[in-house]
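Below: one structure, written as structure tokens.
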Amino acid sequence: MRIFDPHIHMTSRTTDDYEAMYAAGVRAVVEPSFWLGQPRTSPASFRDYFDSLLGWEPFRAAQYGIAHHCTIALNPKEANDPRCAPVLDELPRYLVKDNVVAVGEIGYDSMTPAEDTALAAQLQLAADHGLPALVHTPHRDKLAGLRRTLDAVRESALPAERVLVDHLNETTVKEAKDSGCWLGFSVYPDTKMDEERMVAILRAYGTEQVLVNSAADWGRSDPLKTRKVGDLMLAEGFDEDAVDRVLWRNPVAFYGLSGRLNLDVTGTEATHEGNSILRGAPKDPHEPEPGPGDGAEPARVPVAEA
């Protein structure tokens with residue numbers, strides 16, 4: 001089973017996750033820029049973050065055989081902070097980078113006027129740069145949020161077929177599908193979707209233009225949820241072609257709209273800007289075990305006799 005996780009926040013994950021993902025069949029990921037949990041206070045912190053998505057994180061992924069791309073945007077939550085609004089002026093310099101395959105995450109969190117402004121501006125940036133857009137639908141008032149999102153898409157210069165509407169569920173999937181947008185579903189341990197609900201939606205609405213992601217981040221989440229969906233699809237009677245469509249060909253098709261998707265993982269340098277993913281020296285299997293005084297335990301110093 002080959003897997004492309006189209007929405008996962010690897011900045012929040014460890015290299016152990018990359019290793020487990022590769023073993024599960026993950027060969028490509030897209031990491032959308034998002035809210036890190038701690039409020040950012042200036043555009044400079046965004047620049048450092050964007051640079052890491054374009055440099056350090058692809059390097060780290062490649063060490064484990066996984067192709068890494070990203071999406072760049074001012075996320076909906078921080079669009080409400082006036083200190084962050086100038087990031088919108090910084091985006092064009094990043095949207096021309098080869099590894100950027102969409103504008104995102106954009107959309108709504110609390111459905112405020114500031115979020116309206118940021119969403120409209122970034123849909124226009126996507127159209128101007130020939131990129132698709134990854135749109136976050138709010139976790140509260142989901143149907144109202146979806147409808148407001150679709151209105152913004154219709155009013156923009158970006159066609160619906162170049163928009164991925166994410167974090168959908170049973171209450172929003174029909175209207176999203178009718179809009180002509182691509183459909184994204186985030187599968188989580190406790191919230192959002194689970195494997196059983198996801199498979200039920202696939203049975204009801206089909207596999208066309210559907211992307212399944214783990215959205216794994218700093219909260220309780222699971223970077224192997226994509227594999228678990230694929231396994232359940234097979235157990236519930238879907239064939240291997242349907243699984244491959246949902247977990248590979250659909251995300252390749254959507255992010256391929258950018259013209260920048262490169263799924264080849266070639267040999268990488270040992271370090272990125274002088275830093276490797278290793279800490280300390282690897283153990284030499286031929287080196288003898290340390291003895292007394294060599295670090296195994298404190299050396300015993302004889303006490304002088306009185």
Side-chain angles (χ1 to χ4, degrees), residues 7-13 30-58 60 68-97 99-129 131-142 144-146 148-149 151-153 155-158 163-167 184 186 191-192 215-221 273 275:
H7 183 151
I8 184 168
H9 301 290
M10 293 307 299
T11 295
S12 305
R13 312 303 302 195
V30 165
E31 178 163 359
S33 56
F34 81 135
W35 179 55
L36 295 178
Q38 171 69 28
R40 282 173 282 211
T41 59
S42 75
S45 59
F46 282 85
R47 290 194 297 268
D48 289 339
Y49 171 54
F50 295 158
D51 288 343
S52 75
L53 293 181
L54 290 162
W56 170 245
E57 211 54 51
R60 200 163 67 107
H68 181 287
H69 295 77
C70 68
T71 75
I72 296 291
L74 172 62
N75 68 83
K77 187 174 183 67
E78 290 179 292
N80 293 296
D81 190 333
R83 297 173 298 180
C84 301
V87 173
L88 291 171
D89 297 326
E90 305 266 359
L91 294 179
R93 63 178 282 216
Y94 288 99
L95 297 181
V96 298
K97 303 290 186 180
N99 253 30
V100 177
V101 292
V103 176
E105 295 179 60
I106 58 177
Y108 287 110
D109 178 61
S110 302
M111 290 184 280
T112 64
E115 292 171 22
D116 286 328
T117 299
L119 175 56
Q122 293 181 100
L123 287 170
Q124 185 61 53
L125 283 172
D128 292 344
H129 287 81
L131 291 172
L134 169 61
V135 181
H136 166 106
T137 56
H139 302 305
R140 304 170 300 279
D141 299 323
K142 290 197 73 70
L146 174 75
R148 191 157 168 176
T149 297
D151 285 343
V153 170
E155 293 166 4
S156 77
L158 194 66
V163 175
L164 170 57
V165 182
D166 214 343
H167 307 318
S186 301
T191 60
K192 302 180 183 178
D217 57 13
W218 37 256
R220 185 163 187 265
S221 49
E273 295 188 356
N275 187 26

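Nothing here was measured: the structure is a model prediction, and the numbers come from that model.
- Taking all atoms of both residues into account, the shortest heavy-atom contact from L123 to A133 is CD2-CB, 4.2 Å.
- Side-chain atoms of R140 come within 3.5 Å of backbone atoms of D109 as a donor-acceptor pair (strictly under, hydrogens ignored).
- Partner V163 forms a side chain to side chain contact (heavy atoms under 4.5 Å, CB included) with one of V135, T149, V103 and no other, that one being V135.
- Residues V100 and C70 meet the side-chain proximity criterion, which asks for heavy atoms closer than 4.5 Å.
- With E78 contributing its side chain and R40 its backbone, the two residues share a donor-acceptor pair below 3.5 Å.
- Under the salt bridge (Lys or Arg N to Asp or Glu O under 4.0 Å) criterion, D116 pairs with R148, not counting sequence neighbours.
- For the pair K77/F34, no side-chain contact is recorded, criterion being any heavy-atom separation below 4.5 Å from C-beta on.
- M111 is listed as a side-chain neighbour of D141, based on a closest heavy-atom distance under 4.5 Å.
- Judged by distance alone, the side chain of D81 and the main-chain N or O of T41 form no donor-acceptor pair under 3.5 Å.
- A search for side chain to side chain donor-acceptor pair (under 3.5 Å) contacts involving D166 returns H7, N213, not counting sequence neighbours.
- When all heavy atoms of A114 and A79 are compared, the closest pair comes out as CB-O, 3.7 Å.
- When atom types are taken as modelled, the side chain of H167 and the backbone of P138 share no donor-acceptor pair closer than 3.5 angstrom.
- With a 4.5 Å cut-off on side-chain heavy atoms, R47 and P43 count as touching.
- Nearest heavy-atom pair, N99 versus P58, reported as atom, atom and distance to 0.1 Å: ND2-CG, 3.7 Å.
- The heavy-atom pair separating L158 from L131 by the smallest distance is CD1-O, 3.7 Å.
- Side-chain atoms of Q122 come within 3.5 Å of backbone atoms of L74 as a donor-acceptor pair (strictly under, hydrogens ignored).
- With contacts defined as side-chain heavy-atom distances shorter than 4.5 Å, the pair P32/H9 qualifies.
- If you take CH2 on W56 and NE2 on H68, they are separated by 12.0 Å, rounding to the nearest 0.5 Å.
- For the residue pair I106 and A73, the shortest heavy atom distance occurs at CG2-CB, 3.6 Å.
- At a threshold of 4.5 Å between non-hydrogen side-chain atoms, the residues D51 and Y94 count as touching.
- Residues N75 and S33 have side chains not in contact (no heavy-atom distance under 4.5 Å, counting atoms from C-beta outward).
- V87 is listed as a side-chain neighbour of F50, based on a closest heavy-atom distance under 4.5 Å.
- Under the side chain to side chain donor-acceptor pair (under 3.5 Å) criterion, N80 pairs with T112, E115, not counting sequence neighbours.
- Counting heavy atoms of neighbouring residues, nucleotides and ligands inside a 6.0 Å radius, atom NZ of K142 exceeds 12 of them.
- Within the model, atoms NE2 of H69 and CD of E57 stand 14.0 Å from one another, a figure rounded to the nearest 0.5 Å.
- When every heavy atom of R93 is checked against every heavy atom of K97, the shortest pair comes out as O-CE, 3.6 Å.
- Under a 3.5 Å cut-off, the side chain of E31 and the backbone N or O of T11 do form a donor-acceptor pair.
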